Amino acid sequence: MSAVPPVPSTQLDPASDETRRPVRRALVSVYDKTGLVTLATELHAAGVELVSTGSTAATIAAADIPVTKVEGLTGFPECLDGRVKTLHPRVHAGILADTRRPEHLAQLDELGIEAFELVVVNLYPFTQTVASGAGPDECVEQIDIGGPSMVRAAAKNHPSVAVVVDPARYEDVAAAAAGGGFTLAQRRLLAAEAFAHTAAYDIAVSGWFANAYAPDEQALESGFGALVGAQWTRGEVLRYGENPHQSAALYLSEAGRAGQGLAGATQLHGKAMSYNNYVDADAAWRAAHDHGDAATVAIIKHANPCGIAVGADVADAHAKAHACDPVSAFGGVIATNQRVTLAAAEQIAPVFTEVVVAPAFDDDALAVLTQKKNIRLLVVDAPEAPIVEMRPVSGGLLLQHVDRVDAAGDDPATWTLATGEAADDATLADLAFAWRAVRAVKSNAILLADDGASVGVGMGQVNRVDSCRLAVERANSGGAERARGAVAASDAFFPFADGLQVLLDAGVRAVVQPGGSVRDEEVIEAARAAGVTLYLTGTRHFAH
Ligand SMILES: NC(=O)c1ncn([C@@H]2O[C@H](COP(=O)(O)O)[C@@H](O)[C@H]2O)c1NC=O
């Protein structure tokens with residue numbers, strides 16, 4: 001590495017006006033021409049000389065704004081179908097010269113090169129081209145080379161150059177050009193945005209290579225490419241994490257940035273969402289969308305349901321879900337897959353509720369709920385089901401395909417009747433509901449249901465028999481005796497007959513479970529002895 005002479009230090013506060021660098025010359029090369037003419041007009045009015053590539057220059061010139069073509073600067077024609085336009089020392093030396101260094105200025109002078117103080121670039125639409133289903137050659141052609149080179153160069157040289165990669169910034173650019181240029185602090189922020197932009201671009205390109213264009217053998221077999229890249233951007237800093245001594249923030253994926261998913265939700269009312277609110281709201285929102293078009297309400301506490309129900313409408317579903325465990329519903333998070341109506345809002349309002357998540361709220365429902373100062377109201381569209389989900393482990397990341405509700409085995413028509421009489425339509429509908437609802441329950445999930453509503457949920461245990469006891473205890477709390485005559489779903493097989501026996505003793509009328517234990521016969525025999533219908537799904541929905 002050659003020794004680089006030290007840069008003269010200024011000792012100035014980066015935000016100070018004295019660090020502004022007046023914009024005299026700008027290089028503008030944009031694929032997306034949105035706002036270009038307005039920007040060029042304002043830069044020209046501020047006395048900025050414009051240098052541009054092919055169709056950017058043509059667009060500016062067509063608006064009667066003076067512009068120099070890059071070719072005029074380099075003395076070299078754009079060639080190879082635009083693969084080489086700005087890749088020239090006259091361009092890059094003009095961007096990379098550190099004008100704080102007298103020797104850089106002297107070299108520019110010697111070479112007859114003028115420095116740029118502003119670079120405005122946006123890149124070829126690689127992601128959009130891939131998404132359009134274009135063939136590989138077209139996708140490869142849409143990998144921008146010259147653009148990222150200029151962006152990275154300008155970002156590196158932010159002490160001398162401001163770089164802009166997003167048309168949303170053009171107003172700031174025009175204001176800065178007219179007002180003496182960007183401060184050093186602003187140029188640093190712009191450079192950070194620029195590096196994030198090229199990083200996201202390279203993640204998209206490298207991901208496409210690893211997963212679609214040049215997958216290795218394992219990727220072909222498994223669908224998991226050799227590389228996973230993603231970029232999350234900070235959405236909001238949260239008051240604290242799971243506990244007050246933990247700091248936390250919400251970061252957004254591309255979907256979240258586009259306003260999708262829980263992270264991209266619109267909050268209509270209430271205090272800022274907390275870390276735990278997000279965790280519970282995500283679980284609630286998923287659970288509320290597991291029952292197709294039926295009006296569904298899920299009430300979640302600590303990522304587990306204290307009630308899930310389908311009903312004639314949202315109010316009906318909410319009343320049924322709430323009745324499952326009114327004690328635990330206090331301070332819960334409610335999600336529904338339908339508009340919240342006045343009737344539902346009037347039921348929800350008297351119960352202390354942290355968050356309500358819904359695709360929409362009727363105005364009169366909103367009027368009722370917004371009287372509660374602290375309740376958070378979120379509008380979230382139906383989930384765009386992610387294909388894979390990630391979970392960090394120390395030193396790595398686990399990826400798995402999402403456990404979808406339409407897995408083989410979720411359709412009662414595919415179930416095997418292991419013992420007992422075939423269920424009548426109503427019982428089968430309850431079993432199907434319980435089987436879908438139990439997916440939302442974590443760690444040895446047992447869910448008792450009746451008439452499209454959970455009536456007792458056992459979860460979070462390290463053995464299944466304890467979950468069975470818990471589900472029965474909850475169903476029968478306060479002398480309710482709701483376990484008798486209910487149906488039961490178990491997310492995974494009963495390893496022994498003991499757990500099932502707890503349910504049988506409590507009087508459940510039908511049970512659905514995956515089956516597949518080495519002791520299945522023992523388990524089936526217990527159901528047979530009790531005269532209870534037992535279905536096997538062949539699929540499990542375990543959730544940790
Ligand atoms: N190859 C190059 O030298 C080069 N220099 C700039 N570009 C890109 O060309 C686009 C602008 O071209 P035009 O002004 O012709 O529309 C921009 O998206 C810019 O990122 C280039 N194109 C691709 O690499």
Side-chain angles (χ1 to χ4, degrees), residues 25-41 43-44 48-96 113-116 118-132 134 136-157 161-170 173 190-191 193-206 208-209 213:
R25 205 155 166 265
L27 180 52
V28 185
S29 177
V30 291
Y31 179 88
D32 176 2
K33 309 287 192 283
T34 308
L36 173 62
V37 170
T38 309
L39 174 72
T41 306
L43 287 177
H44 175 60
V48 179
E49 182 195 339
L50 299 174
V51 178
S52 283
T53 44
S55 69
T56 308
T59 307
I60 295 172
D64 280 337
I65 302 159
V67 58
T68 305
K69 282 183 161 190
V70 163
E71 290 160 316
L73 194 77
T74 60
F76 201 89
E78 291 190 5
C79 61
L80 308 179
D81 299 318
R83 285 186 172 205
V84 179
K85 307 183 197 180
T86 54
L87 297 165
H88 193 283
R90 286 198 171 274
V91 173
H92 280 270
I95 299 173
L96 278 162
I113 295 174
E114 275 183 78
F116 291 102
L118 173 67
V119 169
V120 180
V121 170
N122 62 58
L123 308 178
Y124 288 176
F126 174 77
T127 309
Q128 293 88 325
T129 307
V130 170
S132 74
D137 281 350
E138 203 184 326
C139 293
V140 168
E141 206 49 51
Q142 290 299 320
I143 299 172
D144 201 322
I145 301 298
S149 304
M150 290 189 287
V151 170
R152 288 170 55 80
K156 170 174 175 165
N157 198 26
V161 183
V163 57
V164 170
V165 291
D166 184 351
R169 281 267 180 231
Y170 289 176
V173 174
L190 290 171
E193 277 181 21
F195 276 124
H197 189 67
T198 53
Y201 199 79
D202 275 344
I203 286 168
V205 173
S206 55
W208 179 74
F209 266 76
Y213 185 54

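These numbers were taken from a predicted model, which means no experiment stands behind them. Just follow the structure's listing: the first ligand is 1, and inside any ligand the first atom is 1.
On a distance-only criterion, Leu123 and ligand 1 share no N/O pair closer than 3.5 Å. Polar contact with ligand 1: present for Thr56 (N/O pair, distance under 3.5 Å). For ligand 1, the polar-atom distance check finds no N/O of Val121 at less than 3.5 Å from any of the ligand's N/O atoms. The distance criterion of under 3.5 Å between nitrogen or oxygen atoms is not met by Met150 with respect to ligand 1.
Of all protein heavy atoms, the one closest to atom 5 (N) of ligand 1 is Thr86 OG1, 2.6 Å. In this structure, atom 1 (N) of ligand 1 lies nearest to the protein heavy atom Arg83 O, 2.7 Å. Scanning all protein heavy atoms for the shortest distance to atom 11 (C) of ligand 1 gives Ser29 OG, 3.4 Å. In terms of protein heavy atoms, atom 13 (P) of ligand 1 is closest to Ser55 OG, 3.3 Å. In terms of protein heavy atoms, atom 12 (O) of ligand 1 is closest to Lys85 NZ, 2.7 Å. The closest protein non-hydrogen atom to atom 22 (N) of ligand 1 is Tyr124 OH, 2.9 Å. Given atom 20 (O) of ligand 1, the protein heavy atom at minimum distance is Asp144 OD2, 2.6 Å.
Partner of Phe116 under the side chain to side chain contact (heavy atoms under 4.5 Å, CB included) criterion, out of Val163, Ile95, Val28: Ile95 alone. When each of Thr86, Ile113, Leu27, Val51 is tested with Leu73 by the rule side chain to side chain contact (heavy atoms under 4.5 Å, CB included), just one qualifies, namely Val51.
Here Lys33 has side-chain heavy atoms under 4.0 Å from ligand 1, and that is the only part of it that gets that close. Heavy atoms of Val30 found under 4.0 angstrom from ligand 1 belong exclusively to the backbone.
Of all non-hydrogen atoms in Asp144 and Tyr124, the two that sit nearest each other are OD2-N, 2.9 Å. Looking at every heavy atom in both residues, Glu193 comes nearest to Val165 through O-CG2, 4.3 Å.
Note that CD1 of Ile143 and CH2 of Trp208 are 6.0 Å apart. Values are rounded to the nearest 0.5 Å. Between the CD atom of Glu49 and the OG1 atom of Thr68 there is a distance of 5.0 Å, given to the nearest 0.5 Å.
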May I have the step-by-step check of salt bridge (charged side-chain N to carboxylate O under 4.0 Å, His left out) for Glu71 and Lys85, ending in yes or no?
CA-CA 8 Å; Glu71 290 160 316; Lys85 307 183 197 180; over 6 Å; no

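Per-residue contacts place Val84 under 4.0 angstrom from the following atoms of ligand 1 (heavy atoms of the residue considered): 1 (N), 3 (O). Listed by number with element, the atoms of ligand 1 under 4.0 angstrom from any heavy atom of Gly82 are 1 (N), 2 (C), 22 (N), 23 (C).
Within 6.0 Å of the OH atom in Tyr31, the count of heavy atoms belonging to other residues, nucleotides or ligands does not exceed 12.
Contact annotation: the side chain of Thr41 never approaches that of His44 to less than 4.5 Å [non-hydrogen atoms, C-beta and beyond].
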